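Quick notes on the structure that follows.
All figures in this text were calculated on a predicted structure; none of them were measured in a lab.
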Amino acid sequence: MMDQLRLQALAAELEQLLARLAPADGEVAGLRSALAPLLAQAAAGALSAPVAWGDIPGGPYFTEGGLRRYPALEQAFARFRVAATGGESAALRKLRGEI
């Protein structure tokens, strides 16, 4: 089951960062545009099932593009992506030492 409140909060956090950075950086603007439909669905509580990892646009902006220079944006994107794909797995929590 998707944690709608967490997903909505993470979508809002990510959108705020994108909105702040996009006017000065075309790459951030591209990421914002690519994520807009998914962020809107998350904000509306309309993501009822996990989204496949590869169906969430934006990863290449960090791995192949230059957005790693924005660590707060990268972290917000990662948190949103994990939540949108169904949340942290037991393996990820164990890796973090939370189990």
Side-chain angles (χ1 to χ4, degrees):
M1 180 161 171
M2 303 282 286
D3 183 344
Q4 293 295 329
L5 292 178
R6 177 165 171 71
L7 196 53
Q8 288 172 325
L10 293 171
E13 174 191 10
L14 180 54
E15 173 54 33
Q16 287 173 356
L17 283 167
L18 290 166
R20 191 182 73 211
L21 297 170
D25 189 313
E27 204 171 1
V28 175
L31 175 61
R32 186 180 188 199
S33 177
L35 285 171
L38 190 60
L39 289 174
Q41 284 184 296
L47 289 181
S48 58
V51 178
W53 187 265
D55 289 344
I56 299 176
Y61 284 94
F62 297 99
T63 58
E64 299 168 14
L67 294 189
R68 286 199 144 178
R69 68 182 173 273
Y70 300 115
L73 179 61
E74 186 173 16
Q75 290 170 5
F77 174 77
R79 285 190 299 270
F80 173 76
R81 195 175 197 187
V82 167
T85 57
E88 293 182 351
S89 66
L92 180 56
R93 288 192 307 274
K94 185 174 182 178
L95 183 65
R96 288 180 155 172
E98 295 176 5
I99 291 182

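Here A42 pairs with L7, A11, L47, F80 under the side-chain contact (heavy atoms from CB on, under 4.5 Å) rule; sequence neighbours left out. In this structure E74 satisfies the salt bridge (charged side-chain N to carboxylate O under 4.0 Å, His left out) test together with R68, sequence neighbours excluded. Annotation: salt bridge (charged side-chain N to carboxylate O under 4.0 Å, His left out) contacts of R69 (sequence neighbours excluded): D25. Partners of R32 under the salt bridge (charged side-chain N to carboxylate O under 4.0 Å, His left out) rule, at least two apart in sequence or in another chain, are E15.
When every heavy atom of A76 is checked against every heavy atom of L17, the shortest pair comes out as CB-CD1, 3.6 Å. When all heavy atoms of V51 and T85 are compared, the pair lying nearest together is O-CG2, 3.1 Å.
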Do any side-chain atoms of residues 54-63 form donor-acceptor pairs under 3.5 angstrom with protein atoms, and if so which ones, sequence neighbours left out?
{"residue": "Y61", "atom": "OH", "partner": "G30", "partner atom": "O", "Å": "3.4"}
{"residue": "T63", "atom": "OG1", "partner": "G59", "partner atom": "O", "Å": "3.4"}

Give the intermediate values and the outcome of side chain to side chain contact (heavy atoms under 4.5 Å, CB included) for residues L21 and L67. CA-CA 11 Å; L21 297 170; L67 294 189; over 6 Å; no
Please report the C-alpha distance between V82 and W53 in whole Å, then the side-chain angles of each, then the deciding distance to 0.1 Å, and finally whether the side chain to side chain contact (heavy atoms under 4.5 Å, CB included) criterion is met. CA-CA 8 Å; V82 167; W53 187 265; 4.3 Å; yes
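Applying the side chain to side chain donor-acceptor pair (under 3.5 Å) test to pairs two or more places apart or on separate chains, none has a residue in residues 35-46.
S48 has its side chain out of reach of M2: every pair of non-hydrogen atoms, C-beta onward, lies at least 4.5 Å apart.
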